[in-house]
There are 2 protein chains.
Amino acid sequence: MKVFVFISSLFVFFVSFKPLAQTNTVKVNNEIELKSAIKNSQAGTKIVLANGIWKDVEIKFYGKGTKENPIILTAEEKGKVTIEGVSNLQLGGSYLEVNGLYFKNGYTPSKNVIQFKIDNDTIANHCKITQCVIEAFTQPDRDVSDHWIEFWGRHNEVSYCYITGKYNFGPTIMIKLEGNENIYNYHQIINNYFGPRPRKGGPHGETIQLGDSGTSMTPSHTLVANNLFDRCNGEIEIISSKSNFNEFRNNVFFESEGSLVLRHGNYAKIDGNIFIGNENSKFMGGIRVINTGHWITNNYFYKIKGEAFRSALAVMNGIPKSPLNRYNQVTDAVIAYNSFIDCKSPWQFSVGSNVSQKEVLPPSEIRSERPERVIVANNLIYNEIPDENPIVNYDKVDGVKFKNNVINHDYNSEVKPNGLKMESILLEKKSTNLFVLNENISNTYEGFDFETITNDLFGTNRTASGNSIGAIVYPVKNNILIDKTKYGTNWFSVENEILEPKTYKISSVSSLIKVIKKAKSGDVVILKKGVYHISSSIIINKTISIVSDETNKASLVFSSPKTAFEIHPKGNLTLKNVLLKGNSNQNAFTTLDKYMSKTYNLNIENTEISNFKSVLEVSKGSFADSITVSNTVIKDCENGFMLNKETNDGGDYNAEFLTITNSKFDNIQGVVLDYYRGGYDESTIGGNLNLNGNIFSNSGKLDGILIKNRGIVNVDISNNTFQNNPVKTIAVLWGEKGQKPVNNTINNSGSIEIVQNLALKLMY
Amino acid sequence: MKVFVFISSLFVFFVSFKPLAQTNTVKVNNEIELKSAIKNSQAGTKIVLANGIWKDVEIKFYGKGTKENPIILTAEEKGKVTIEGVSNLQLGGSYLEVNGLYFKNGYTPSKNVIQFKIDNDTIANHCKITQCVIEAFTQPDRDVSDHWIEFWGRHNEVSYCYITGKYNFGPTIMIKLEGNENIYNYHQIINNYFGPRPRKGGPHGETIQLGDSGTSMTPSHTLVANNLFDRCNGEIEIISSKSNFNEFRNNVFFESEGSLVLRHGNYAKIDGNIFIGNENSKFMGGIRVINTGHWITNNYFYKIKGEAFRSALAVMNGIPKSPLNRYNQVTDAVIAYNSFIDCKSPWQFSVGSNVSQKEVLPPSEIRSERPERVIVANNLIYNEIPDENPIVNYDKVDGVKFKNNVINHDYNSEVKPNGLKMESILLEKKSTNLFVLNENISNTYEGFDFETITNDLFGTNRTASGNSIGAIVYPVKNNILIDKTKYGTNWFSVENEILEPKTYKISSVSSLIKVIKKAKSGDVVILKKGVYHISSSIIINKTISIVSDETNKASLVFSSPKTAFEIHPKGNLTLKNVLLKGNSNQNAFTTLDKYMSKTYNLNIENTEISNFKSVLEVSKGSFADSITVSNTVIKDCENGFMLNKETNDGGDYNAEFLTITNSKFDNIQGVVLDYYRGGYDESTIGGNLNLNGNIFSNSGKLDGILIKNRGIVNVDISNNTFQNNPVKTIAVLWGEKGQKPVNNTINNSGSIEIVQNLALKLMY
């Protein structure tokens, strides 16, 4: 006894000798003072940026702190210090901490907003970015690629940050692994709030990318934990893991249009994450698996309705002896103790199998190697409304061992393994999105190393609770599935103030011009009936609605030289009940030629558009989230909607959605639309064209084709009438993508062709 | 103080409670008793095989021992228990030890002699093979592939064994990594003596292979340490590392014709190994580097004269985005503190660059990616006779950083970095093959993580000694470089008894036949002058010389149906000063049709061979180490030397060396030789044809070509005379391999062609 007492007091003795933090605070008011303060800093120095806007600053923050006494760069008052303009931050050294900075209204002049190295000789180790905000610090030109945070070195951290609104090319966060200094990095990306990232249209829109194929054989050991991904839509991969031994724990993917993708590299651990979709979206995914040795445990999937690449669990086919940057076979994966609640066909195997495309693809692109030595055990599938096909297979399923999985209803999948058994079980709704068993199903399978799966989704010890299949054991520890306030900073308000829209009633051209200029985003302009002769373009750079009376439509007659409406970044125009007329020399809608930094939208209802060159002309790099046209007449124009400038064949395209319904096109000389996406990239699955209930007549003469939709993945042409169009071809559909015309009426208008395998340019 | 005393006595207390070994010995006399003993074994059981030959036994050794009390399978007396015939051994369970067994005179009926699993549910962990011998336990048919020891599971060990004489296809030891049960294996291959492995002729002759390309992304962590590789010639890779995190420490590669190759996988450590070549051989290599993150430190290279793939240090070019089974780029390698003594061009970069072969190879085979982020520092190059080209580059060297390397003379390499400086240094010969500095060169470069290189080749602490470039710091700890008695078992004598050859003088056919049958290997048969009419084939299955007097040659006239001499495995025939005559219907020399399990040799001097069908006909799978013909006349035959049966185009061939000098070929209707190797395999660099000082006349009529040598890598055709041969082509040489005719005289005999890039079948 004496001994233990002595030892514990020794322990206390040592603990009390831990060096105390020695802070030396230096307040700086401008860049020169900041440089000097950094130069003179030593362990324990705290550099405080004075309140105000720090514009066009490139901060090189270097020094040698210690674990106990880091060098800190912080704000006088959080939120009152903003980094704006053409600015960035680089860190080099050890134990540096950046706390409470706010990047907004600007963009980086270099390849990164924050970079964990200054140069190859000054790399950051044990450095931290915390309590910071990066908000829409996006390049003026979407085509220009950057990373907002680029990791180098080892043991660096980004924590408790709020990061949102990256419109341009490039992953938001990138982990770099070239060079021995940057492997075994044990970086931590924890407790952050990743706010919405808009759809990018094509690849290079990840929220986090861990390495690239070139360094995919390196040991990274990055931890991504306790983050919220809130509508991170950028592209099909929210997280793209491309290195070894990374861990993804307890993150929430909330209504994000993509998946956590194990793209390259091996031996990832994906444990205790939550994936929330919704009833309507097929874009929200779960986990996609490529390569070897991954463990996917204790994850909870709710209302994930994505298919194939975006299914709740997508286990891919590989390419035999795959090139380094393509698809390795899935082997030795363990998928255990996950819950799939009200998901659609959550288990999909051999996703990406493309053996049928042998004629258009080289052998090095054919994904024919099925998953091998994969164990799927102790998982729970529950559907309120039975799902006929909980398992979808794109090839034979001969390398997957199913053990002790439970589903709550009978089903008719082609693959119906003994290891997925129907049991009548009841789930209890505990709170929003949280459904739990009201007793344990303890008949679990004990596979190799399964004893290492000690806890459930909420951290409850599985053995102590008698264990259960599924992600959550009974009794349930947590009452709430997601508490959004737990993520991000302790000072920045994520909720945007919503302004009450104003309404302006207008009867003259001059007041129309004036009002549109001064209106706040969201305001509505109501036009009195009459003819408005407008001689200059109207600039749309906010959310604005221009409407008139349904039966007494105002008429806007343009003589402006280039375009009627000039669409700027964040332009979001609704036109309703108006007549739009041009002089045949200008377009109705045109984006800026460049610097279309952010997405725009166009919504046209019950409107007539006539006598324009093109209805819509866009620039390369511009991107519309959605263009919606309904109950509208478009006539006497040279061309319709021209979304055809992303011709690099890199998987990019100019609009996510083009939806035209119940409208009429008459006397369009060229094509009524040209919507283009080029390049084989199985992982950009966008471009969405929906033509439903329209009438097309007397159009298409110039091109011999009416509708160009080459490379767009999702095309629905239904219930339209094509009458007297002097064309050979109405449109060419892509059979491999399931495109087929439905219930269209065609008179004297050529035909709709289907090509099974479209020959595109190889991107890799 | 009291506390420490108390704690240490507590420690002693715990230590003394370590469970004692509880042995329970069971002696078994036959397979039934053995099976029963295994079945009844428990921790601590020692099963003893009774002295004698255990023939045709397939032992499944299973059970659960403990660390303190393993289950042991051993021999009554080591060396007196032999496993023979069609036999093998499988282990499954934990803490099993096989001690002192001797495998000889047989082969395995399965794919392995010893396998560390019985089936996928009974895998071995913590099991050990120790003090065992496997001697020429080789398949009757060389074409049949097997592994002598196949590792599965984790923490298994092969130690203190002697393993030699594998002639057939397949690596001697193989580590398997498919399945999570078999990764992170930490196997140990330690303190073994790998005796000679004969040349195999083509690939699949490794002594140790760690994984394959399909599992090359798995963590293996196998340790290969303190082994002696004595003339392990099998193929170009003595060790082929194809998985991650393997370590190769303190091994000796003694006159072994190959290299330690980091073929696939990453992050190997090669530390403190010794590579000994000799003055004459260009086949003995060092370390060949592919992939990323390898550390090569403290190694000692002496008289390594290999080039390109077999150079002391070969850093390869990679294929951009390489397929999984081809060549990844070399990145992030560290090559530090090695010594290269009297090696020829020890540093070779971009080895395997084949950009010039674009016309015959697909892009996925072009090794154009140069090494990147490679550091070569603190190495020592010393040459007694200056080497003009210590550095050879097959491409630009722009990704290698040379720091603080020292060489003892000026040089003229194309690449002459500042980081390899001439200094006048003196090496002292300490003992055989051991040359050391007589003072330290302490101006070392300190790269990233270099502080982890704590010790030198002999384990001396570098810092304490003031450090030095090169593998060995001064003062030198060891006086002897290699002590062969340290390796392998403590009971088996590696040195073969050399018998004094007997000489038999013969004057009749009957005694010739009788003597050749009864002679011991190495004996000499002397024929008296005269004519010997021989009606049956003479079987050659040992080393035997048949000679007569140089000026009074005996004449052997054969009427045997198929062949004069029938060559069996291990046949090693010297014919000297004889006249050999056939009846034009049989061959002079023919191998067995199958079961040519072992290599043979043929040496013909000052002999005349006439009136045969072919001089030599061989079977597929047969392999001659060397065929040497000198001062010999060969005439009036249909064909000459037909080494052309390995036509699978898998890189194999029928003889390592074919050397014909100062001989005459006259009136050979077909080809004088047909020596074939097929398939692109940059790593089989064999087939050696040497034709020097010969006269070829009136031959080649049937084929229009005189010499067929397609695919043979090393061809030297010099100082020959070709006279009146009715052919278009004498031979086709392979320009890319540096083949060119030298000083030949050609009269009325067509020409020697050179093809720069030979189009061969792709093997991968």
Side-chain angles (χ1 to χ4, degrees), chain A residues 2-7 9-10 120-121 123 153-154 177-184 212-219 244-245 264-267 291-295 318-329 331-334 362-364 369 372-375 447-450 452 764, chain B residues 2-7 9-10 120-121 123 153-154 177-184 212-219 244-245 264-267 291-295 318-329 331-334 362-364 369 372-375 447-450 452 764:
Chain A
K2 241 182 198 166
V3 174
F4 283 104
V5 171
F6 187 88
I7 289 178
S9 53
L10 251 179
N120 280 337
D121 294 321
I123 296 175
R154 291 177 173 178
L177 294 144
E178 289 94 349
N180 286 329
E181 296 88 343
N182 309 302
I183 60 169
Y184 294 109
D212 58 34
S213 64
T215 56
S216 61
M217 61 283 255
T218 59
N244 291 301
F245 311 119
H264 297 294
N266 311 284
Y267 301 100
N291 276 46
T292 201
H294 304 302
W295 281 61
I319 295 167
K321 295 164 187 168
S322 172
L324 189 60
N325 63 332
R326 304 303 288 138
Y327 291 82
N328 275 317
Q329 189 185 18
T331 54
D332 301 307
V334 174
S364 61
E369 273 201 324
E372 234 179 76
R373 301 187 303 274
V374 170
I375 295 175
F448 178 77
D449 266 354
F450 270 39
T452 61
Y764 301 100
Chain B
K2 243 183 197 164
V3 174
F4 282 106
V5 171
F6 187 87
I7 289 178
S9 53
L10 251 177
N120 280 336
D121 295 321
I123 296 174
R154 291 176 172 179
L177 294 143
E178 289 94 348
N180 287 329
E181 296 88 343
N182 309 301
I183 60 169
Y184 293 109
D212 58 36
S213 64
T215 56
S216 61
M217 62 281 255
T218 59
N244 291 301
F245 311 118
H264 297 295
N266 310 285
Y267 301 99
N291 275 47
T292 201
H294 305 301
W295 282 61
I319 295 167
K321 295 164 187 169
S322 173
L324 188 60
N325 63 332
R326 304 303 286 138
Y327 290 83
N328 275 317
Q329 189 185 18
T331 55
D332 301 306
V334 174
S364 61
E369 273 200 324
E372 236 180 74
R373 301 187 303 274
V374 170
I375 294 174
F448 178 77
D449 266 355
F450 271 38
T452 61
Y764 300 100

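A, B, ... follow the sequence lines: proteins, then strands. Residue 1 opens every chain. Keep in mind that this is a model prediction, so the values were computed, not measured.
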Residues forming a side-chain hydrogen bond (donor to acceptor under 3.5 Å, both in side chains) with A/R154, sequence neighbours excluded:
none
With sequence neighbours excluded, residues passing side-chain hydrogen bond (donor to acceptor under 3.5 Å, both in side chains) with A/S322
none
When only pairs under 4.5 Å are counted, which of B/G447, B/S364, B/P219 shares the most heavy-atom pairs with chain A?
B/P219
Look at B/N244, B/N328, B/T292 and state which one has the largest set of heavy-atom pairs under 4.5 Å with chain A.
B/N328
Using non-hydrogen atoms only, which part of A/I183 is less than 4.5 Å away from chain B: side chain, backbone, both, or neither?
side chain
Between A/T218 and chain B, with a heavy-atom cut-off of 4.5 Å, which part of the residue counts as in contact: side chain, backbone, both or neither?
both
How long is the gap from CG on B/N325 to CG on B/D212, to the nearest 0.5 Å?
10.0 Å
Side-chain touch B/N182/B/I123, heavy atoms, less than 4.5 angstrom
yes
Between B/D332 and A/G179, is there a donor-acceptor pair closer than 3.5 Å when you use the side chain of the first and the backbone of the second?
yes
Side chain, backbone, both or neither: which part of B/D449 has a non-hydrogen atom closer than 4.5 Å to chain A?
side chain
Sort B/E178 into side chain, backbone, both or neither according to what part of it lies under 4.5 angstrom from a heavy atom of chain A.
both
Contact leader toward chain B among A/S216, A/G214, A/P323, where contacts are heavy-atom pairs under 4.5 Å:
A/P323
Do the ring planes of B/F450 and B/W295 sit parallel (below 30°), tilted (30 to 60°) or perpendicular (above 60°)?
perpendicular
